[in-house]
Amino acid sequence: MKINKVRLRQIHYWFAPIMLFPVLLTLITGSLFQISVITGQANDFIWLLEWHRGKFGRINLEMIYPFLNAFGMLMLAVTGIIMWFQTRRQYKR
């Protein structure tokens with residue numbers, strides 16, 4: 001099955017900026033909350049854990065947030081790997 005390079009790049013191009021925010025938010029809030037646990041101040045920073053899990057005030061995405069993160073990262077990984085293999089094949093010719 002031949003994959004259209006232009007379409008693949010478009011998918012990757014649109015998913016990358018969309019996925020940047022939730023992945024960075026998950027990374028930063030998880031790391032900061034872990035620091036608060038180490039320093040013994042976890043009770044003061046429960047809101048970091050809530051953001052990490054996808055609860056943003058009245059907007060509660062806790063049930064789907066991990067799946068959205070996982071799906072987005074999987075799409076980026078698959079499209080990126082396919083583009084990488086296509087580029088490597090061109091250089092071998």
Side-chain angles (χ1 to χ4, degrees):
M1 180 174 108
K2 181 94 170 143
I3 298 174
N4 185 349
K5 291 180 186 180
V6 174
R7 184 68 182 143
L8 186 67
R9 286 193 183 278
Q10 286 174 342
I11 291 170
H12 193 84
Y13 176 81
W14 286 106
F15 263 98
I18 291 169
M19 285 308 302
L20 182 66
F21 178 71
V23 169
L24 282 178
L25 181 68
T26 301
L27 179 128
I28 292 168
T29 56
S31 298
L32 290 176
F33 185 75
Q34 189 60 40
I35 291 169
S36 72
V37 168
I38 292 169
T39 60
Q41 299 175 348
N43 290 334
D44 297 333
F45 294 97
I46 294 296
W47 59 273
L48 279 173
L49 190 58
E50 289 179 352
W51 282 18
H52 181 74
R53 292 180 175 168
K55 187 173 183 183
F56 309 107
R58 291 181 181 241
I59 302 170
N60 187 357
L61 302 174
E62 285 181 308
M63 297 300 287
I64 62 168
Y65 189 70
F67 298 109
L68 292 175
N69 258 348
F71 176 73
M73 288 306 295
L74 182 64
M75 288 295 295
L76 286 177
V78 168
T79 56
I81 289 169
I82 292 171
M83 286 189 305
W84 182 64
F85 276 128
Q86 287 177 346
T87 304
R88 289 190 66 201
R89 228 182 292 136
Q90 288 176 357
Y91 288 129
K92 287 185 177 182
R93 291 182 186 174

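These values consider heavy atoms only, across backbone and side chains, with no hydrogens, waters or symmetry-generated copies.
- By the neighbour-count criterion of 12 heavy atoms within 6.0 Å, atom CZ of F71 is sparsely surrounded, having that number or fewer from other residues, nucleotides or ligands.
- At a threshold of 4.5 Å between side-chain heavy atoms, the hydrophobic network of Ile, Leu, Val, Met, Phe, Trp and Tyr places I11 and I18 in two separate groups.
- Summarising the geometry, atom NE2 belonging to H52 is positioned 9.0 Å from atom CG belonging to L27; distances are rounded to the nearest 0.5 Å.
- Rounding to the nearest 0.5 Å gives a distance of 10.0 Å between CZ of F15 and CG of L74.
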Less than 3.5 Å apart, which donor and acceptor atoms pair up between the side chains of residues 39-50 and the rest of the protein, not counting sequence neighbours?
residue	atom	partner	partner atom	Å
T39	OG1	I35	O	3.1
T39	OG1	S36	O	3.1

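- Atom CD1 of I59 sits in a sparse spot, with 12 or fewer heavy atoms from other residues, nucleotides or ligands closer than 6.0 Å.
- Nearest heavy atom pair, residue H12 against residue L76, reads CE1-O, 3.4 Å.
- Taken to the nearest 0.5 Å, the CE atom of M19 stands 4.5 Å off from the CG atom of N69.
- Clustering ILVMFWY residues whenever any of their side-chain heavy atoms sit less than 4.5 angstrom apart, transitively, puts I28 in the very cluster that holds V37.
- Residues satisfying the side-chain hydrogen bond (donor to acceptor under 3.5 Å, both in side chains) test with R58, not counting sequence neighbours, are none.
- Follow the hydrophobic side-chain contacts under 4.5 Å out from F21 and you reach W51 in the same cluster.
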Got a list of side-chain donor-acceptor pairs under 3.5 Å for residues 60-68, not counting sequence neighbours?
residue	atom	partner	partner atom	Å
N60	OD1	E62	N	3.1
Y65	OH	P22	O	3.2
Y65	OH	T26	OG1	3.2

